[in-house]
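So that the names make sense, note that chain A is the first sequence line, chain B the second, and so on, each numbered from 1.
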There are 2 protein chains.
Amino acid sequence: MRSPTDLTAAFRAHGLKLTPQRQLLFRMLYDNATHPSADALFMAASAEMPGISRRTVYQTLNDLVAMGELRQIAIGTGSARFDPNVDDHHHVVCTACGEMRDVYVDDVDLAGAAGLDGFDVTSTDIVFRGRCTRCRRRGRPSPSTSALASISPSATTRKDQS
Amino acid sequence: MRSPTDLTAAFRAHGLKLTPQRQLLFRMLYDNATHPSADALFMAASAEMPGISRRTVYQTLNDLVAMGELRQIAIGTGSARFDPNVDDHHHVVCTACGEMRDVYVDDVDLAGAAGLDGFDVTSTDIVFRGRCTRCRRRGRPSPSTSALASISPSATTRKDQS
DNA sequence: TGCTTGTTCGCAACTCGTGCAGATTGGGCG
DNA sequence: CGCCCAATCTGCACGAGTTGCGAACAAGCA
Ligand SMILES: [Mn+2]
Ligand SMILES: [Mn+2]
Ligand SMILES: [Zn+2]
Ligand SMILES: [Zn+2]
């Protein structure tokens, strides 16, 4: 996304107002490479501006996404992550801590894919999953329980098959 | 996943019981290439077995996933989709109707990706997005609103910036 | 047939977001 | 500088998707 200053101009150009809440979020997002969730941003924003509404954070994020200044990434069932880097790129996600980093793939050859018959593909998302250095070193466990172990009722008196 | 018959044996081997609910789901999933959501399966199952609980459907799906017989796919923020095809493959998703089809990519060269430093990648998911033949022909609209248009307050008296 | 567990049900609770409507406020204008 | 009004913000209810819980049930085995 563009710098807070440029966004300010862009917003005004569209008849949108420049509120302190928006300016704060512009600043928190600009150059932010952590791919934060809406809630992470809300909590960070709350530190600087106690009382800001979670709703306002969602609204501003939606606005920025609609304007093409921010990219919304959905990896998995959890919460959406936001990325100020709107250039064409992909991601690696740590299955243990959720850390997410940019990955640049030279050139995705859609051509080498079989089964796209009839579809007019407009975007391609690649998500690499694994564990980051830190989580591996600390032995933090991968989420996927050891399959059969967790399913066997005799293994542990399961309350439910959650 | 394996055939209903084989699963029956596998379940019993693990001390799990064979209930009619489970057997029904085994049948509904086997050879099912539609990548159904839990709710789609619940509705289909309800037709054959009125009274089956949504909870039971979720539980059985979770069990099968834990056993490695079923693959759970999360594309986007919506509901999870389930895939009895556990072979290594990727997907194309229609952004208009949600149709999802298998895509086989010759060989994903993780090597050609920059930024994976430190991560020990264990899986790679590629999701192609676009519109299927039917939706394109019928002119069904893509979800992404025309950006700036929806953001401009003067364009349409927006109630909120949703 | 009876018993022991694993299962099923139904409903509450939870997470992530969105719809709503009343209270606020940015910012163009006189 | 102060007004006015549309654009915003906030708080809360509500909705989708999924899981926690505990009482009622029922496979599988003796
Ligand atoms: Mn990124
Ligand atoms: Mn598939
Ligand atoms: Zn990690
Ligand atoms: Zn379609």
Starting from [atom2] on [N], measure out to [atom1] on [X] and report it in whole angstrom.
X	N	atom1	atom2	value
H14(A)	dA6(D)	NE2	P	21 Å
R54(B)	dC9(C)	CZ	C1'	13 Å
L16(B)	dC29(D)	CG	C1'	16 Å
M49(B)	dC25(D)	CE	P	17 Å
D39(B)	dT18(D)	CG	P	8 Å
F42(B)	dC9(C)	CZ	C1'	11 Å
L18(B)	dC29(D)	CG	P	11 Å
D63(B)	dT19(D)	CG	P	11 Å

Fill in: Nearest heavy atoms of Y30(A) and R2(A), plus distance in Å
CD1-O, 3.6 Å

Discussion item. Is there, by distance only and without an angle test, a donor paired with an acceptor across the side chain of R55(A) and the base of dG19(C) below 3.5 Å?
Written reply: yes

Worksheet item: So what does R12(B) hit on the nucleic acid, given a heavy-atom distance under 4.0 Å: a base, only sugar-phosphate, or nothing?
Response: sugar-phosphate

Worksheet item: At under 4.0 Å between heavy atoms, what does S79(A) touch on the DNA or RNA strands: base, sugar-phosphate, or nothing?
Response: sugar-phosphate

Worksheet entry | Separation between OG1 of T8(A) and CZ of F26(A), rounded to the nearest 0.5 Å | 6.0 Å

Would you tell me if any nitrogen or oxygen in the side chain of [X] comes within less than 4.0 Å of OP1 or OP2 on [N]?
X	N	answer
Q21(B)	dC9(C)	yes
Q59(A)	dT18(C)	no
S53(B)	dT8(C)	no

Is a side-chain donor-acceptor pair under 3.5 Å present for [Y] with [X]?
X	Y	value
D125(B)	H90(B)	no
N85(A)	H35(A)	no
N32(B)	T34(B)	yes

Worksheet entry | Contact nearer the 5' end of DNA chain D, comparing K17(B) with G51(A) | G51(A)

Discussion item. Both T19(B) and Y58(B) contact DNA chain D. Taking the nearest nucleotide for each, which residue is further toward the 5' end?
Written reply: Y58(B)

Practice prompt. Would you indicate which nucleotide in dG17(C), dA27(D), dT10(D) comes nearest to any side-chain atom of P20(B)?
Written response: dA27(D)

